[in-house]
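The chains referred to below are lettered A, B, ... by the order of the sequence lines, with proteins before strands, and numbering in each begins at 1.
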Number of protein chains: 2
Amino acid sequence: MAGFENFPVTSEKDSREAEEEAPEPRDAEGRPMRADARRNYERLVMAARRVFTDEGTGASMEAVARDAGVGIGTLYRHFPKRIDLVEAVYRNDVEELVTAAEKAVANSGPLEAVDEFLQAFVRYAEAKRTLLSELREAFDKDPELKSRSRARIDQALDLVLSRAQRAGVVRGDVDSSEVVSMIAPVCTSSVLTAEQSARLVGLVFDGLRTPAPPR
Amino acid sequence: MAGFENFPVTSEKDSREAEEEAPEPRDAEGRPMRADARRNYERLVMAARRVFTDEGTGASMEAVARDAGVGIGTLYRHFPKRIDLVEAVYRNDVEELVTAAEKAVANSGPLEAVDEFLQAFVRYAEAKRTLLSELREAFDKDPELKSRSRARIDQALDLVLSRAQRAGVVRGDVDSSEVVSMIAPVCTSSVLTAEQSARLVGLVFDGLRTPAPPR
DNA sequence: ATACTATACGGAGGGTGCCTCCGGTTAGCA
DNA sequence: TGCTAACCGGAGGCACCCTCCGTATAGTAT
């Protein structure tokens with residue numbers, strides 16, 4: 001429906017059903033994408049992210065195509081409807097959040113990793129703000145998009161959170177889903193500025209720490 | 001800028017500067033509006049509320065004009081830009097919230113009035129959800145719109161809240177602005193359904209009661 | 001290396017929506 | 001009842017979303 005279903009950006013370690021290591025991007029029919037098609041697909045998602053963050057909802061498809069250096073027809077070949085492009089950008093942002101969690105686990109201490117991930121989440125939500133209404137529409141059209149993305153974000157946070165809990169630096173009576181339930185509305189609220197959201201999430205971080213942080 | 005500045009719906013008892021009791025609606029230059037103009041203005045706001053709630057952001061100006069039974073030119077005479085119409089609907093909703101508070105104070109007991117107002121607030125916020133991004137734009141264009149509306153809502157809640165506090169049925173260590181700060185993000189959050197928002201506001205209401213409500 | 005074919009590319013153009021302009025009509029007043 | 005200022009309404013300009021189809025190219029077999 002939305003052009004290409006799952007553009008593999010993440011490197012899933014999920015061994016539940018190791019059907020195939022698929023580093024090769026494939027199109028809807030399962031055939032590998034042609035090199036030029038893949039190049040343009042990636043360019044378009046990147047351009048869309050730039051243009052949407054710069055111009056908000058008012059950004060035009062033509063502007064995205066121009067920024068990507070491709071024709072308007074190419075854009076619509078990959079993303080039949082405007083909402084499909086919004087969805088692709090969103091999926092990309094979610095995957096970046098996941099890799100941010102993986103990087104934090106790999107490169108930072110248990111507590112720092114939590115802080116880094118929460119900051120990444122604030123940035124992620126900030127970008128989401130401008131297209132909030134269009135995302136809502138995408139969620140209405142495809143409810144699974146919302147639940148799957150939410151599950152993926154919960155997993156990502158769990159990666160850093162449970163590690164911090166095992167290390168004893170974060171209180172053990174919260175799970176990642178609860179934390180996301182708390183910070184997601186704060187970060188996407190339309191009545192708060194980005195700074196206020198960031199501050200509130202900082203308070204949540206302090207609340208997670210154990211023992212109590214120095215005042 | 002936005003057609004007609006302050007369409008008098010409320011009956012302000014503010015005696016700071018009683019320049020004139022103005023039940024007569026006036027246009028930008030201070031002259032009274034012609035009867036047909038006033039009729040169409042009101043029809044347009046009502047029609048816009050209907051159409052926006054039904055069709056969301058995708059609603060067209062033509063649809064509003066049709067629903068109001070006026071020509072497209074008339075719509076643009078009153079509301080030069082689409083955002084001006086959104087703003088008018090929003091102002092109208094805020095004023096209805098204020099009158100809801102006044103009615104609750106007049107017709108219900110101290111505690112029931114608080115509950116009624118909170119429920120009215122949930123409905124108000126629910127209607128606001130669909131045009132959230134456009135409202136954000138309106139706030140950016142005219143920051144005073146946001147602060148004035150917020151102040152007016154705070155006042156409205158204070159009407160019912162302080163009465164309940166004087167009656168001893170609501171804890172005294174909260175003020176209306178705090179309560180609005182708490183429920184506004186909850187009600188406009190894009191990650192919660194309307195039912196979840198209503199439930200959470202119900203919890204806030206329980207938390208306000210003193211002594212603790214029966215479980 | 002070359003030829004073939006499936007696939008991708010890109011721009012012209014249709015349809016819709018926001019907004020403007022101006023001639024016809026009507027409310028308010030003497 | 002007549003005058004004038006103000007209002008009404010629809011045709012049309014401009015921008016944007018999206019479609020269609022002829023052209024160019026990647027991938028493959030010889």
- Query: Is B:E42 salt-bridged to B:R38, going by a charged N under 4.0 Å from an acidic O?
  - Reply: yes
- Atom CG of A:L75 and atom C1' of C:dA8: how far apart are they, to the nearest Å? 14 Å
- When the ring planes of B:Y41 and B:F79 are compared, do they come out parallel, tilted or perpendicular, using 30° and 60° as the limits? tilted
- Message: With a 6.0 Å cut-off (strictly less than), is the heavy-atom count around CE of A:M46, excluding the residue itself, greater than 12?
- Response: yes
- Task: Look at B:H78 and D:dC7 and indicate whether a side-chain polar atom (N or O) is within less than 4.0 Å of OP1 or OP2.
- Result: no
- Under 4.0 Å: is that the gap between some side-chain N or O of B:T74 and OP1 or OP2 of D:dG9? yes
- Message: What residues from residues 44-54 of chain A pass a heavy-atom cutoff of under 4.0 Å to DNA chain C?
- Response: none
- Message: Using a strict threshold of under 4.0 Å (side-chain N to carboxylate O), is an ion pair present between A:E195 and A:R199?
- Response: no
- Query: Whole-Å distance between D:dG9 C1' and B:R66 CZ?
  - Reply: 14 Å
- Note on the structure: Rounded to whole Å, the CZ-P distance (B:F79 to D:dC7) equals 13 Å
- Scanning both residues in full, the closest heavy-atom pair of B:A100 with B:A120 reads CB-CB, 4.2 Å
- Task: Establish, yes or no, whether a centroid distance under 6.0 Å links the rings of A:Y90 and A:F139.
- Result: yes
- Give the angle between the helix axes at the two ends of the helix from C:dA1-D:dT30 to C:dA30-D:dT1, taking five base pairs at each end and rounding to 10°. 10°
- Item | Ion pair check, A:D67 and A:R50, cut-off under 4.0 Å | yes
- Message: Check the phosphate of D:dC8 against B:N40, side-chain N and O only, distance under 4.0 Å to OP1 or OP2. Yes or no?
- Response: yes
- Give the B/S/- string for nucleotides 15-28 of chain C, one per nucleotide from 5' to 3', where a protein heavy atom under 4.0 Å of the base yields B, of only the sugar-phosphate yields S, and otherwise -. --SBBB-----BSS
- Item | Distance-minimising heavy-atom pair for B:A164 and B:V114 | CB-CG2, 3.7 Å
- Flag the pair A:D93 and A:R49 as a salt bridge only when some basic side-chain nitrogen lies within less than 4.0 angstrom of an acidic carboxylate oxygen. yes
- Query: Do you see a donor-acceptor pair shorter than 3.5 Å between the side chains of B:S189 and B:R129?
  - Reply: no
- Will you find, in the side chains of A:T57 and B:R136, an N or O donor that is under 3.5 Å from an N or O acceptor? no
